[in-house]
Amino acid sequence: MNGTRRKTVDPAALPRHFEAAEAERRWHERWQRDGTYHYDPSRPREETFVVDTPPPTVSGSLHVGHIFSYTQTDVVVRYQRMLGKNIFYPLGWDDNGLPTERRVENYYHVRCDPRLPYEAGLEVGEANAKRRKERPRGISRQNFIELCEELTAKDETAFRELWSRAGLSVDWRQEYQTIDEHCRRTAQRSFLDLHAKGHVFLAEAPFMWDLDDQTAVAQAESEERTIPGAYHHLRFTLVDGDESFTIATTRPELLAACAGVAAHPEDERFRGLFGRRARTPLFHAPVEIFPSERADPEKGTGILMVCTFGDQTDVDWWREQDLPLRQVVGRDGRFVPIRFGEGAFESLAPEAANQAYDQLEGLAVHKARERVVEMLREPGSAPDGQGAALVDEPEAIEHPVKFYERGRRPLEILPTRQWFCRLLDKKADLLAMGEAIAWHPPFMHARFRDWTENLNLDWCLSRQRFFGVSIPVWYPLDESGEPDHGQPILPAVEQLPIDPMIHVPEGYDESQRDKPGGFTGEADIFDTWFTSSMTPQIGSHWGDDPERHERLFPADIRPQAHEIIRTWAFYTIAKAWLHHGTVPWHHILLSGWILDPDRKKMSKSKGNVVTPLELLDKYTADAARYWAASARLGVDTAFDESVWKIGKRLQTKLWNAGKFVLSQEGPVHPVHCELDRAFAAKLRALVEASTRKLDGFDYAHALADTESFFWSQFTDSYLELVKVRARRDDADGGSATTSLRLGLDVLLRLLAPVMPYITEEIWSWAFADEHDAPSIHRAPWPGHADFADIAPPDDPGSFDLAAAALASINKAKADAEVGMGREVETLTLAANEATLARVAPVLGDVLEAARCETHDLATEASLEDGAFRVVSAQFAPKPAR
RNA sequence: GGGCGCAUAGCUCAGUUGGCUAGAGCACCUGCCUUACAAGCAGGGGGUCCCUGGUUCGAGUCCAGGUGCGCCCACCA
């Protein structure tokens, strides 16, 4: 480089300020055109860095959280890219599933009715206020799916624009939708593989059921809410004997479903009852009284009725005690028609029981409860006809009840036929996989471990919904038209993806659909997690392209939110184990939450969402990214707009510093001055520390270090110290210019992952040509090579001494209330003897920066090492303007 | 009830294996248009590091107990 001219910029030719909005558009286009972020499938696995990007749920509304966590991943990715890695960074859209169905129902004001025929070319359009007052329009399943596709395509556009602008360096050629053909094939392939390996099974069993969405719900999708309820005390009698006892229940409407009575075996009060039969009020059902350790003598009255089904414990008791099934609540939440008597529900007084039940049939759960309580209040409602069955008034309580996480009514437990994946017998393996993955931050591992250890249900895979991936199964129908669920018909892998409601199994034709001796298609779809748990394999094209799969699986990192460890992380780990016997990725990065200023989680439903577009306009994308990258992994952060402001300030400062440094035309000369070498040494230490932190995914501290160095060491100190010398047309001036450029060059690269726009802009002025690296984002990460030509300083502390000396003179100027640019006519600077000796090699730079022509030095032994004091100073008068 | 996390300046946050007088930015106060930058610079005030006890020459940091907040899970008669 010595002797050649360097490329410089003319500051006058540059805009006064960085035009961020224009630059964001321009660079985005340029990066797309040049394929800056493209994955190269020809490079080997060891040179590749694979990201298992979360496919966001496309809900239609954007908030700052969407920028937050995705930017954190992008910073990690951009660092890896600058290390020379071949980056596989796809982005998919999780568009199937209930959130989309809900949004479509609201947006168009429609409901899916699978009985309706398909209407070709149906145009519905967004619902207006008038239409919303009417009943939702019923449309066919296929029409409904088309609307889902239409709306998600629209929503995806908004998300794509937001993230393009935020500068996510994804390879947009790898885009996918979890409902697209490739994902459906991957999910169905997963099912066939699990079936072949014996991990999935079909079972008719009581399972959590959401009445509003009319679908089964997995353990992971349920949550508890504390709601008001009431203990109702009901008097039961014995079938043989005069004794009676009182149970307490919060669900009196399930009295008709009572199948047993339980109390603690040690409970003296009820010891004599075990093995005998009780008689229920109203329905006069004879039920077994049995002991169980799980009955709590302290709770309620200590004795309880077991129903089919009030809760999961009822299910367990029903199984253990082999109790009769008395299902009264239907899939729509209404009481189903049933009869008591011979060949039906057992009753000692069928006529009375049927009379009572007639008043409940067809009622919704809460109405039935009211009605039952009225009946129980009536005199003579007790099983022995002596008074009312309801003892005392109901006692109001608050109690926890399970809900579907998106549901409005409590979950019911109903026996339904569902597909399950066996997981309970694989806990040990899944826990071992969890150990083999590096969790960032590490304490998040505990959440996975706790969840896995405490899992108590197998994974229910099927959902009775519409917009999702079909379960690829048909069932043969016998001569009476009944399906044989024990002999499911599966498609060949080559046929995937299929929709069993449309496609026909091998050996049948369409005319045999739903006909005796023919076949019927499985109407259910998969739980959305069944597909999203395959994101690593979706990216790797598992099954379709073995060579690609080898290069992309397992992935390097999985970034995700911590509240879905039990779902997305867990199921992905489970699938990778079941299919491949490995981990799905080597590292998992858990992002924190954005909280509103009251420290509540920001979410659409709470209405406390900050929309990102205005903020992007106000502060720029680099500032947004600065904000996101300032938060550490796993740490919830209160939203604070002032951090965006700091990001923008940093961007502006970079613009100005870049303009200054690259406009210096000093001669090309190696770095030789002590101060310059001392600066380079500090810069080198920064690079090493920053690299170490980024290797551990600690982008936040790497940024804090770099920002602080840039601001205080580079611009405030070093740049001020050498700006005068840099203008000199000699070897010392060349040394200053060279190291200033080195400082800018290295700092730009350190900041490029966080602030891709401003760094690319400044890079393009000179360094792109100088390093033959058209984009800073493909430039090598700074390292030893950048410092190879620079000798270490004679005194590593000389830079700090110079900065401290200058600061002491600045303080004198501030105390005298004169500007920093004021010339110093006389100066007496004091320090201890050793400090004066050490500062001597760099004192010239200090005095130049302070605009000081003549000076005296004084020895003050009392000053600490490295401390300076201005004993006296006279400043030139303010020049006339 | 079990597990995890957090508590540091008015606000948002750093603080590494225990080590000088506990830091940054924002906000606030004072001064300064200085040849990159007033979208800036220089300087300044501001702290019971949640509480109690312990270990230690030394504790914001380690240990025990407690308080408050948040999250995850379990309990659901």
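Chain letters run A, B, ... following the sequence lines, proteins first, then strands; residues in each count from 1.
Of all nucleotides listed (G43(B), U12(B), C26(B)), U12(B) comes nearest to the side chain of Val643(A). Of all nucleotides listed (A36(B), C4(B), U12(B)), U12(B) comes nearest to the side chain of Asp640(A). Taking the side chain of Met820(A) as heavy atoms from C-beta on, and the options U34(B), G43(B), G25(B), the nearest nucleotide is U34(B). Listed nucleotides C37(B), C73(B), A42(B) differ in distance to Trp451(A); the shortest reach to its side chain belongs to C73(B). Checking A39(B), G40(B), G43(B) against every side-chain atom of Thr652(A), the shortest atom distance belongs to A39(B). Considering only the side chain of Asp716(A), A42(B) comes nearest among A42(B), C76(B), G25(B). Side-chain atoms of Asp450(A) lie closest to G3(B) of the nucleotides A14(B), G3(B), G25(B). Distances were taken from every side-chain heavy atom of Ala638(A) (C-beta onward) to each of C13(B), A42(B), C37(B); the shortest belongs to C13(B). With U12(B), C71(B), C33(B) as the choices, the nucleotide that has an atom nearest any side-chain atom of Thr637(A) turns out to be U12(B). Checking A36(B), G43(B), G25(B) against the side-chain heavy atoms of Asp815(A) singles out G43(B) as nearest.
Among the protein residues, Thr313(A) comes within range of the sugar-phosphate backbone only, with heavy atoms under 4.0 Å from sugar or phosphate atoms but none that close to a base. Nucleic acid contact class of Ala657(A) (heavy atoms, under 4.0 Å, all strands): base. Within the nucleic acid shown, Trp711(A) comes within 4.0 Å of sugar-phosphate atoms alone, with no base atom in reach, counting heavy atoms only. Using a 4.0 Å heavy-atom criterion, one finds that Ala816(A) contacts no nucleic acid atom at all. Across all strands, Lys659(A) comes closer than 4.0 Å only to sugar-phosphate atoms, never to a base (heavy-atom distances). Within 4.0 Å (heavy atoms only), His701(A) reaches sugar-phosphate atoms of the nucleic acid but no base atom. Residue-level contact check: Arg16(A) touches the backbone only, with heavy atoms under 4.0 Å from sugar-phosphate atoms and none from bases. In this structure, Ile646(A) reaches the sugar-phosphate backbone alone: every heavy-atom distance under 4.0 Å involves primed, P, OP1 or OP2 atoms, never a base. Residue-level contact check: Asp311(A) touches the bases, meaning some heavy atom is under 4.0 Å from a base atom. Among the protein residues, Glu453(A) comes within range of no part of the nucleic acid, since none of its heavy atoms lies under 4.0 Å from any strand.
Separating the P atom of U35(B) from that of U12(B) is a span of 40 Å, rounded to the nearest Å. Separating the C1' atom of U67(B) from that of G53(B) is a span of 15 Å, rounded to the nearest Å. Comparing the P positions of C50(B) and C6(B) gives an interatomic distance of 13 Å, to the nearest angstrom. Nucleotides A74(B) and C4(B), compared at atom C1', are 15 Å apart to the nearest Å. If you take atom P in C51(B) and the same atom in C29(B), they sit 30 Å apart, rounded to whole Å. For the P atoms, the distance linking U30(B) with G45(B) amounts to 15 Å, nearest Å. Straight-line distance between the C1' atoms of C33(B) and G23(B): roughly 31 Å, to the nearest whole Å.
Of the nucleotides present, A42(B) is the one that pairs with U30(B) by Watson-Crick or G-U wobble criteria, both distances under 3.5 Å. Taking a pair to require two hydrogen-bonding distances under 3.5 Å in either a Watson-Crick or a G-U wobble arrangement, U21(B) remains unpaired. Nucleotide C71(B): paired with G3(B) (Watson-Crick or G-U wobble, both distances less than 3.5 Å). The nucleotide U55(B) finds no pairing partner, because no Watson-Crick or G-U wobble arrangement with both distances shorter than 3.5 Å includes it.
In this structure, Lys723(A) places its NZ atom 15 Å from P of G40(B), rounding to the nearest Å. Protein atom CG of Leu650(A) is 17 Å distant from nucleotide atom P of A39(B), rounded to whole Å. What separates CZ of Phe710(A) from C1' of G25(B) is a distance of 15 Å, to the nearest Å. Between the CG atom of Leu721(A) and the C1' atom of A36(B) there is a distance of 16 Å, given to the nearest Å. We find that CG of Asp636(A) is positioned 17 Å from P of C4(B), with the value rounded to whole Å.
Using bins of under 30°, 30° to 60° and over 60° for the plane-to-plane angle, the ring pair Phe448(A)/His445(A) lands in the parallel bin. Between Trp317(A) and Phe290(A), the ring-plane angle classifies as perpendicular under the 30° and 60° cut-offs.
Here the straight-line distance linking atom OG1 of Thr308(A) with atom CD1 of Ile413(A) works out to 10.5 Å at 0.5 Å rounding.
Ring centroid separation for the pair Trp655(A) and Trp765(A) comes in under the 6.0 Å cut-off. Taking the six-membered ring for Trp and the full ring otherwise, the centers of Trp318(A) and Phe309(A) sit less than 6.0 Å from each other.
Between Arg822(A) and Arg632(A), the residue whose closest nucleotide on RNA chain B is further toward the 5' end is Arg632(A).
When only modelled atom types and interatomic distance are considered, Tyr231(A) and Thr301(A) share no side-chain donor-acceptor pair under 3.5 Å.
Within the structure, every side-chain polar atom (N or O) of Arg566(A) is placed at least 4.0 Å from both OP1 and OP2 of C4(B). Between G3(B) and Arg449(A), no contact under 4.0 Å exists linking OP1 or OP2 to a side-chain N or O.
Side-chain N/O atoms of Lys645(A) and base N/O atoms of C26(B) include no donor-acceptor pair closer than 3.5 Å. Counting atom types as modelled, Glu720(A) pairs a side-chain N or O with a base atom of A36(B) as donor and acceptor under 3.5 Å.
Between Arg851(A) and Glu823(A) no salt bridge is recorded (no basic side-chain N to carboxylate O distance below 4.0 Å).
The closest donor-acceptor contact from the side chain of Tyr757(A) to the backbone of Ala21(A) lies at 3.5 Å or more, if one exists at all. A donor-acceptor pair is defined here as one N or O able to donate and one able to accept, closer than 3.5 Å; such a pair exists between the side chain of Lys427(A) and the backbone of Glu453(A).
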